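These numbers were taken from a predicted model, which means no experiment stands behind them. Numbered from 1 within each chain, the chains take letters A, B, ... in sequence-line order. Hydrogens, waters and symmetry mates play no part in the numbers below; they use all other heavy atoms, side chains included.
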Amino acid sequence: MTTASETPHLDFIREIVAADVSAGKNGGMVVTRFPPEPNGYLHIGHAKSICLNFGIAQEHAPSSRCHLRFDDTNPTKEETEYVDSIIEDVKWLGFDWDDHLFYASDYFEKLYNFAEQLINKGLAFVCDLNADQMRAHRGTLTEPGRNSPFRERSVSENLDLFHDPVIYRILHADHHRTGSAWCIYPMYDYAHPLSDAIEGITHSICTLEFEDHRPLYDWLVDHIDGLPSRPIQREFSRLNLNWTIMSKRKLLRLVKENHVSGWDDPRMPTLSGLRRRGYTPESIRAFCKGIGVTKFNAQTDMGVLENAVREDLNKTVERRMAVLRPLKLVIENYPEDYTEEIEVINNPEDPAAGTRKLPLGREVFVERDDFAEVPPKDWRRFTLGAEVRLTNAFCVICTDVIKDSAGNVIELRCTYDETTRHGKNPEGRAKVKAAVHWVSARHAVSASVRMYDRLFTVDNPEAAAGDDGDFTSFINPKSLEVIENAKLETSLAGADPGQRFQFVRIGYFIADAKDSLPGKPVFNRVVTMKDGYAKQGK
RNA sequence: AGCCGCGUGGUGUAAUGGUAGCACAAGAGAUUCUGAAUCUCUUUGUCUAGGUUCGAAUCCUGGCGCGGCUGCCA
């Protein structure tokens, strides 16, 4: 049942598409395209565009489709490695182009013929001006610009607007697909609208910076004969996420200068980085849906992305216990050399996830941060004489604190209350305020855990660097902290690469797909838990 | 001081001439074997000055602010 309040809101692009469909334009068909240039890896900003273009096509199925087209008109920048990564990333995000995979370079011959058509019509000409001369003729902010002396005639009403935009340039460079077949290559402004038209695109959706190019887009699709469709271009604002950067050129620099381990470094905003970090395609799609589509130059908070993955993982992922910074806790009234197995729920949000057995012995590890010798106000965790519940087990009272000669706390002693097993709290007994996670010392497996944090120390690195500053000076030196000897519950040793968990009370983690070995997983922190306590402290 | 586009709580995003709503963030409480999740409540907004109108976030004009454009990049 759909009520009025559940009617999904249409963004302005979808409104235009819907209006065109109901007006019967293009025979009711909707054909969009996602047109990356294969000169870098896809990032979260591209995800916005992918979700928009493929999403619109899905919403108008079956009389619709979305093409994946590589905009490979500049052989000096483009590589097959990027093509492969882009294909992988779009698939991973959950979209399918069926057999509509295209390359602008497939159209070089057609585009060349179109250019001849323009020349024959007197709408285009070959210009011998060099770059500087051409710049001079183009005009300035205050002057209108002059015709090239090589343009022997004036034809179109649009020429005043465009000052003879370049549509081809000479480039003696090998192309990743066409090799040395061409020494002239079409410019984006020429190739894009015509590629759209060749493919029968109906709605060519791009970002705001192309808005100024729209008259040229229209001019071209109106002046070439024999085009199968008359696409329209509409523009929306690209994604800006704070605490990171979205410029492909700058991301490339991070990789080339080894500020990160590669395009798929889990701190990168690339789709391959987010994937390795542990983000799910579902969470990224939900994020893209949530941020909307407008022409407003927005700055989206990283917290919105983080919230999206928490929301997804909270519902879908099994819980495990892991102690990152271990402190030994000895349960003095617990029998020595005894192990019991506790049956625990895998995911309280999903009964279908079932249960597992958790071993428990006399000595356990607890989180160092969960003990305070001098507790702050409202402290609910370990401190001398206070009672705390060991999650899934029983309540204990800390009876003794053991220190080394330097005064560091090296061990805690406690006694447990048998009547509080399995979450029981006998009648009349004061309720324990907190439950903390733990791992049985004898059964714990050691692992290294990578704690990722924001890549930059400022919320807008590019703005902070300014025009002549260097954004790399704002790289967060603490964006990666590796914990080598975290203590994990036994079952985690068998985690599959790519498997995600919630480490209770700590955050969401994924067994790294590259560095995990059989029986020896390495974990990446996807995102922390929300921490209401830490917030209080601020 | 050209052209194009955009201005709604802290951040985003709705309201398409008729009750300014939603999400995230923030705050208070309830609940809790995760200081999570969940639930309830709360704070905060139409850039500005005029105009049109019974009525303006919405339409018009000026101002201010922000972004884009001045590659033989895309």
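For A:Glu367 (side chain) and A:Leu324 (main-chain N/O), a donor-acceptor pair under 3.5 Å exists by modelled atom type. At distances below 3.5 Å, at least one donor-acceptor pair connects side-chain atoms of A:Ser247 with backbone N or O atoms of A:Lys250. Listed for the A:Asp350 side chain is no donor-acceptor partner under 3.5 Å among the backbone atoms of A:Val317. Judged purely by atom type and a 3.5 angstrom limit, A:Thr32 has no side-chain atom pairing as donor or acceptor with the backbone of A:His203.
A distance of about 22 Å separates the C1' atoms of B:rG68 and B:rU11, rounded to the whole Å. When the C1' atom is used for both B:rU58 and B:rG71, the distance is 40 Å, rounded to whole Å. When the C1' atom is compared between B:rA57 and B:rG9, the two are found 14 Å apart, to the nearest whole Å. Between B:rC22 and B:rC39, the distance separating the two P atoms is 14 Å to the nearest Å. Distance noted for atom P between B:rU44 and B:rU38: 25 Å (whole Å). Taking atom P in both B:rG67 and B:rU34, one finds a spacing of 47 Å when rounded to whole Å. Rounded to whole Å, the separation between the P atoms of B:rC47 and B:rA15 comes to 16 Å. For the C1' atoms, the distance linking B:rA1 with B:rG55 amounts to 36 Å, nearest Å.
Residues A:Val293 and A:Glu211 both approach RNA chain B. Their nearest nucleotides, taken by heavy-atom distance, put A:Glu211 toward the 5′ side. When each of A:Thr294 and A:Gly303 is assigned the nucleotide of RNA chain B with its nearest heavy atom, A:Thr294 is the one assigned upstream, toward the 5' end.
Side chain of A:Lys295, nearest nucleotide from B:rG5, B:rG68, B:rG12: B:rG5. Taking every side-chain heavy atom of A:Asn307 into account, B:rC24 is the closest of B:rG35, B:rU34, B:rC24. Side-chain proximity of A:His9 to the nucleotides B:rG35, B:rG67, B:rA15 is greatest for B:rA15.
Counting only Watson-Crick and G-U wobble pairs whose two distances sit under 3.5 Å, RNA chain B takes part in these stems of three or more pairs: B:2-7 with B:64-69, B:10-13 with B:21-24, B:26-30 with B:38-42, B:47-51 with B:59-63.
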Taking only nitrogen or oxygen atoms into account, show me every contact under 3.5 Å that the protein makes with nucleotides 71-74 of chain B, one pair per line with its distance.
{"residue": "B:rG71", "atom": "OP2", "partner": "A:Arg135", "partner atom": "NH1", "Å": "3.4"}
{"residue": "B:rC72", "atom": "OP1", "partner": "A:Arg138", "partner atom": "NH2", "Å": "3.4"}
{"residue": "B:rC72", "atom": "OP2", "partner": "A:Arg138", "partner atom": "NH1", "Å": "3.0"}
{"residue": "B:rC72", "atom": "N4", "partner": "A:Leu129", "partner atom": "O", "Å": "3.2"}
{"residue": "B:rC72", "atom": "N4", "partner": "A:Ala131", "partner atom": "N", "Å": "2.9"}
{"residue": "B:rC73", "atom": "OP2", "partner": "A:Arg169", "partner atom": "NE", "Å": "2.9"}
{"residue": "B:rC73", "atom": "OP2", "partner": "A:Arg169", "partner atom": "NH2", "Å": "3.0"}
{"residue": "B:rC73", "atom": "O3'", "partner": "A:Arg169", "partner atom": "NH2", "Å": "3.1"}
{"residue": "B:rC73", "atom": "O2'", "partner": "A:Asn74", "partner atom": "ND2", "Å": "3.2"}
{"residue": "B:rC73", "atom": "O2'", "partner": "A:Lys77", "partner atom": "NZ", "Å": "3.3"}
{"residue": "B:rA74", "atom": "OP1", "partner": "A:Thr73", "partner atom": "OG1", "Å": "2.7"}
{"residue": "B:rA74", "atom": "OP1", "partner": "A:Arg169", "partner atom": "NH1", "Å": "3.2"}
{"residue": "B:rA74", "atom": "OP1", "partner": "A:Arg169", "partner atom": "NH2", "Å": "2.7"}
{"residue": "B:rA74", "atom": "OP2", "partner": "A:Tyr188", "partner atom": "N", "Å": "2.9"}
{"residue": "B:rA74", "atom": "O3'", "partner": "A:Asp71", "partner atom": "OD2", "Å": "3.2"}

Can you pull every protein N or O that's under 3.5 Å from an N or O on nucleotides 29-33 of chain B?
{"residue": "B:rC33", "atom": "OP2", "partner": "A:Lys431", "partner atom": "NZ", "Å": "3.3"}
{"residue": "B:rC33", "atom": "O2", "partner": "A:Asn392", "partner atom": "N", "Å": "2.7"}
{"residue": "B:rC33", "atom": "N3", "partner": "A:Asn392", "partner atom": "N", "Å": "2.8"}
{"residue": "B:rC33", "atom": "N4", "partner": "A:His422", "partner atom": "O", "Å": "3.4"}
{"residue": "B:rC33", "atom": "N4", "partner": "A:Gly423", "partner atom": "N", "Å": "2.4"}

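Here A:Arg454 pairs with A:Glu306 in a salt bridge; the nearest charged N to carboxylate O distance falls below 4.0 Å. Ion pair A:Glu209/A:Arg238 flagged as a salt bridge, since at least one NZ, NE, NH1 or NH2 atom sits closer than 4.0 Å to an Asp/Glu carboxylate oxygen. We find that A:Glu235 and A:Arg214 are joined by a salt bridge, their nearest charged nitrogen and carboxylate oxygen being less than 4.0 Å apart.
The CZ-C1' distance, from A:Phe296 to B:rG67, rounds to 10 Å in whole Å. In this entry the distance linking CG of A:Asp312 with P of B:rA23 reads 19 Å, nearest Å. Look at CE on A:Met302: it is 23 Å from P on B:rA23, rounded to the nearest Å. Residue A:Ile291 contributes atom CD1, which lies 11 Å from atom P of B:rA14 at whole-angstrom precision. Distance CE (A:Met529) to P (B:rA37): 7 Å, rounded to an integer number of Å. Atom P of nucleotide B:rU34 and atom CG of A:Asn346 are separated by 16 Å, given to the nearest angstrom. Counting to the nearest Å, the C1' atom of B:rA36 and the CD atom of A:Gln502 are 7 Å from each other. For the pair A:Arg310 CZ and B:rA25 P, the computed distance is 8 Å after rounding to whole Å.
The 12-atom threshold is not exceeded at CD1 of A:Ile345, counting heavy atoms of other residues, nucleotides or ligands nearer than 6.0 Å.
Each of A:Asn297, A:Thr300, A:Asn460 was scored for a side-chain contact (heavy atoms from CB on, under 4.5 Å) with A:Asn240, with one residue passing: A:Asn297.
For B:rG50, the base is anti relative to its sugar; the glycosidic angle deviates from 0 by more than 90°.
Using the six-membered ring where Trp is involved, A:Tyr41 and A:Tyr82 have ring planes that are perpendicular, over 60° apart on the 30 and 60° scheme. Using a 30° and 60° split on the angle between ring planes, A:Trp182 and A:Phe108 fall in the perpendicular class, above 60°. Below 30°, between 30° and 60°, or above 60°: for A:Tyr107 and A:Phe102 the angle between ring planes is between 30° and 60°, a tilted geometry.
In terms of phosphate contacts, A:Lys530 brings a side-chain nitrogen or oxygen within less than 4.0 Å of OP1 or OP2 of B:rA37. Dashed line: the shortest gap from a side-chain N or O of A:His437 to OP1 or OP2 of B:rU34 is not under 4.0 Å.
Distance CZ/A:Arg500 to OH/A:Tyr508: 12.5 Å, rounded to 0.5 Å.
Side chains of A:Gln233 and A:His192 form no contact here, defined as non-hydrogen atoms less than 4.5 Å apart.
The base of B:rG35 has none of its N or O atoms less than 3.5 Å from a complementary donor or acceptor on the side chain of A:Asp531. At a cut-off of 3.5 angstrom, the base of B:rG35 holds no donor-acceptor pair with the side chain of A:Arg505.
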